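Reading through the structure tokens given below for one structure.
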Amino acid sequence: MSEEVRTSIHGQWSNRMVFILAATGSAVGLGNIWKFPYIAGENGGGAFVIVYLICIAVIGVPIMMAEVMLGRRGRQSPINTMSALAAEEGRPASWALLGWLGVAAGFLILSYYSVIAGWALSYVFRTASGVFEGATADGVSSIFTNFISNPESLLAWHTIFMVATMIIVSRGVKNGIERAVSYLMPTLFVLLIILIFYSMSTGYFFEGLDFLFTPDFSKLTASSVLVAMGHAFFTLSLGMGAIMVYGSYLPKETSIAKSSMMIAVADTLVALLAGMVIFPIAFANNLEPGAGPGLIFQTLPIAFGQMEAGVLIGTLFFVLLVFAAWSSSISLIEPAVAWLVENKGISRVAASVWCGFATWLVGIGSVLSFNLWAKKTWSLSLFGETLFENKTFFDTLDGLTANIMLPMGGLFIAIFAGWLMKSESSKKELNTKEKGYNLWLLLVRVVAPIAVMVVFLNVIGVIK
Ligand code: PHE
């Protein structure tokens, strides 16, 4: 096929801005606002945050460029893109497995992502009802604990969120995804800024900043480095084909380097802002920064209960969080849906229904992790090193996908784009200045793969 006629059967973004918005919509989600603060809290703050930022810059951005580039060149679902590009570059057809790894990761991530998005959705109504007005930290915590101990209600919210996701996915790229994100992301940003003013007023703002930005490297363990690196992939939606599939809808002329950097900067800003909002509130109310997945649900409502117009601002905040989660969840399942449409000749609607149903089923395991299965735990050791210990179904799934599958996917993407693709091909596709191209090549060939491998080997105790 000549390059000029190569376009995706699923459509194309209207322009570059729309791609940036959609990819930012994919990147900015629960990862930034819900996950980043709680894992930063669990892993001791500052030093963890620095490792995370380094990973974004030297692994995340170059791999994002690689992923967008592969997607735009292949113009199909990640599985078919990888087989097409492998054929084009004279590489084994088994590279399609990389696409499969991504589909599996996206599917598993969405299963628990939807459960947490369901929490956020229920908090829209809880906040709007005014229950948090004047509530104490203890009151807010017990509302949360009661809520997650009820499997039926978690299941109901998970179901609603999953249906909402499938509705957008089934409408397709242009009609669904494009419109949803254009207004929501900027509004979310503004709300976070408003919340920063509240957190400044708690009197613990600098404690929060100190926790977030002053590194104490003695707190850094091999596993927290792995979590930081895994989160860099998770938060940028990398390593599983989401960004690749969005790249496949990208018009030819767009600069991949500039777009990737803009997406990474926006995503990082949102996470840091969220941290700057959450930690001062936590410290002001004597809450543990390492409280785990409930952290934002136990801190933010306190703020909403105390601030002027808190019911309104709080409700709006959770609405936006749900939208941020929504624009991420559609990209988690898009690779699978696109593949079904391409290979099985079924409609987008049917593909969405099947994928949604299967994901929903697996999600029930995460629903139960917070109540009936809270004591059912898993451990994993490799070469005699414990990778994780006594983790619930939810934690296991999260650890396996974010910290292992995504970095693994990213590693192979880097190897393919950096070493196995002819540099004429990647140069033409990236179309940047010589210097920029060489820097990218260095990062994607050497720095990123070595970094990922070193972290992996360190965790399994092969290197110390
Ligand atoms: N980046 C999203 C978030 O931070 C999650 C996600 C991961 C989306 C992988 C797509 C692919 O919430």
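Every number for a ligand or one of its atoms is a count from 1 in the order of the listing. Along the sequence shown, residues carry numbers from 1. Reckoned from all heavy atoms, side chains included, excluding hydrogens, waters and symmetry mates. These figures come from a predicted structure and were not determined experimentally.
Test W339, F412, F107 against W100 for ring-ring contact (aromatic ring centres under 6.0 Å, His included) and you get one pass: W339.
Both the sub-6.0 Å distance and the 45° axial angle are satisfied by R126 relative to the ring of F147. A cation-pi arrangement is not found for K376 relative to F393, the charged atom failing to lie both closer than 6.0 Å to the ring centre and inside a 45° cone about the ring normal.
Sorted by first and then second residue, the ring-ring contact (aromatic ring centres under 6.0 Å, His included) pairs involving residues 259-283 (not counting sequence neighbours) are F211-F279, F211-F283. A salt bridge (charged side-chain N to carboxylate O under 4.0 Å, His left out) check over residues 8-26, counting only residues at least two apart or in different chains, returns nothing. Sorted by first then second residue, the side chain to side chain donor-acceptor pair (under 3.5 Å) pairs that include residues 265-283, not counting sequence neighbours, are N32-D267, T235-D267.
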What are the polar N/O contacts of ligand 1 with the protein below 3.5 Å, with distances?
unit_1   : atom_1 : unit_2 : atom_2 : d
ligand 1 : 1 (N)  : S26    : O      : 3.2
ligand 1 : 1 (N)  : A27    : O      : 3.0
ligand 1 : 1 (N)  : F234   : O      : 2.8
ligand 1 : 1 (N)  : T235   : O      : 3.2
ligand 1 : 1 (N)  : S237   : OG     : 3.0
ligand 1 : 4 (O)  : A27    : O      : 2.9
ligand 1 : 4 (O)  : G31    : N      : 3.3
ligand 1 : 4 (O)  : N32    : OD1    : 3.4
ligand 1 : 12 (O) : L30    : N      : 3.1
ligand 1 : 12 (O) : G31    : N      : 2.8
ligand 1 : 12 (O) : Y113   : OH     : 2.5

